[in-house]
Engineer: 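Have a look at this one before I ask anything.
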Amino acid sequence: MPNIIEITDFEAPELDVYARLTENQLVNRADPENGLFIAESPVVIERALDGGCVPVSMLMERKHVEGQARDVIARCGDIPVYTSDLAVLTKLTGFALTRGVLCAMRRPRKKSVEEVCSGAKRIAVLENVMNPTNVGAIFRSAAALGMDAVVLTPACSDPLYRRAVRVSMGTVFQIPWTYIGEETADWPGPGMERLAALGFRTAAMALREDSLSIDDPRLKAEDKLAVVLGTEGDGLADATIAACDYTVRIPMFHGVDSLNVAAASAVAFWELRRR
């Protein structure tokens with residue numbers, strides 16, 4: 001039976017996870033086994049549950065208890081379900097709950113690069129992509145367009161930040177992912193070596209005169225290919241491009257010289273997917 005709790009005290013500590021803890025506090029790096037993240041909307045929560053994530057509590061508009069959240073509540077056992085009307089929840093959280101339903105969940109166990117890439121033929125590697133919106137959009141494209149896994153360098157934004165999860169539509173729970181190392185020194189050198197040891201050839205997405213066109217048949221012929229995408233402002237580091245097996249560009253027209261990294265990822269994933 002669901003444990004429905006009407007909110008009467010805004011300062012109740014059990015509501016801190018929704019109202020007062022920052023994203024970094026939720027991660028809880030000092031005690032990672034107790035790290036949390038927030039999933040928003042029934043669809044995203046369902047995908048997180050399907051991915052094995054463990055729910056801790058929920059927060060939602062009262063009308064959703066027997067409405068759009070009914071099925072997901074049933075899947076979550078007897079965890080606390082905090083509820084009130086929209087005006088109260090907006091005051092509590094500081095923003096409008098556009099989907100009306102939030103769920104605090106335990107962060108899943110961190111996987112190794114070798115585990116995530118086991119059996120993979122096409123992976124995305126994100127270098128220092130710091131905008132959670134871009135990270136979420138890249139995951140959504142990766143899921144839709146045939147990538148088998150996503151690997152992130154240590155400086156990337158967390159795929160389990162609330163905005164990244166929301167923009168991804170929960171695909172962060174469908175595509176295996178992990179970080180490649182713990183420190184900035186782990187990339188590109190040691191990280192590239194790990195990918196090579198797993199049999200991946202690497203394709204740096206960069207605007208260089210000597211770049212291959214993205215439709216070059218040599219790229220599609222590779223058995224295992226890692227598509228490497230760079231940060232929003234400067235793109236890939238020179239050292240990363242130099243370490244990759246290929247440098248690849250997307251042909252453009254009308255004087256446009258670049259695409260947003262999320263848009264570029266969708267083009268690259270579609271064209272370089274394994275057929």
Engineer: Give me the atom names and distance for the closest heavy-atom approach of A226 to V125.
Structural biologist: CB-CG2, 4.0 Å
Engineer: Please give me the minimum heavy-atom distance between E61 and T83, naming the atom from each residue.
Structural biologist: C-OG1, 3.5 Å
Engineer: Should the pair D50-R75 be classified as a salt bridge under the 4.0 Å nitrogen-to-oxygen rule?
Structural biologist: yes
Engineer: If you count heavy atoms of other groups shown closer than 6.0 angstrom to NZ of K121, is the number above 12?
Structural biologist: yes
Engineer: Within the structure provided, determine whether V44 and R166 are in side-chain contact (heavy-atom separation under 4.5 Å).
Structural biologist: no
Engineer: Can T22 and N24 be counted as having a side-chain donor-acceptor contact under 3.5 angstrom?
Structural biologist: no
Engineer: Mark yes when over 12 heavy atoms from residues, nucleotides or ligands other than D234 sit less than 6.0 Å from its CG; otherwise mark no.
Structural biologist: no
Engineer: Is the shortest heavy-atom distance from the side chain of R194 to the side chain of V151 under 4.5 Å?
Structural biologist: no
Engineer: Decide yes or no for P108 and F37: does some side-chain heavy atom of the first lie under 4.5 Å from some side-chain heavy atom of the second?
Structural biologist: yes
Engineer: Do you know the tightest heavy-atom contact between F173 and R47?
Structural biologist: CB-O, 3.5 Å
Engineer: Exactly one of M58, R162, M60 should register a side-chain contact (heavy atoms from CB on, under 4.5 Å) with L102. Which one does?
Structural biologist: R162
Engineer: List the atom pairs, donor and acceptor, that lie under 3.5 Å between side-chain atoms in residues 241-255 and the rest of the protein, sequence neighbours left out.
Structural biologist:
| residue | atom | partner | partner atom | Å |
| --- | --- | --- | --- | --- |
| D245 | OD1 | R201 | NH1 | 3.3 |
| D245 | OD2 | T202 | N | 2.8 |
| D245 | OD2 | T202 | OG1 | 3.2 |
| Y246 | OH | E222 | OE2 | 2.5 |

Engineer: Taking side chain as C-beta onward, heavy atoms only, is V56 less than 4.5 Å from V17?
Structural biologist: no
Engineer: Taking salt bridge (Lys or Arg N to Asp or Glu O under 4.0 Å) as the test, write out the residues that go with E182, two or more places apart.
Structural biologist: K110
Engineer: Closer than 4.0 angstrom, basic N to acidic O: yes or no for D216 and R218?
Structural biologist: yes
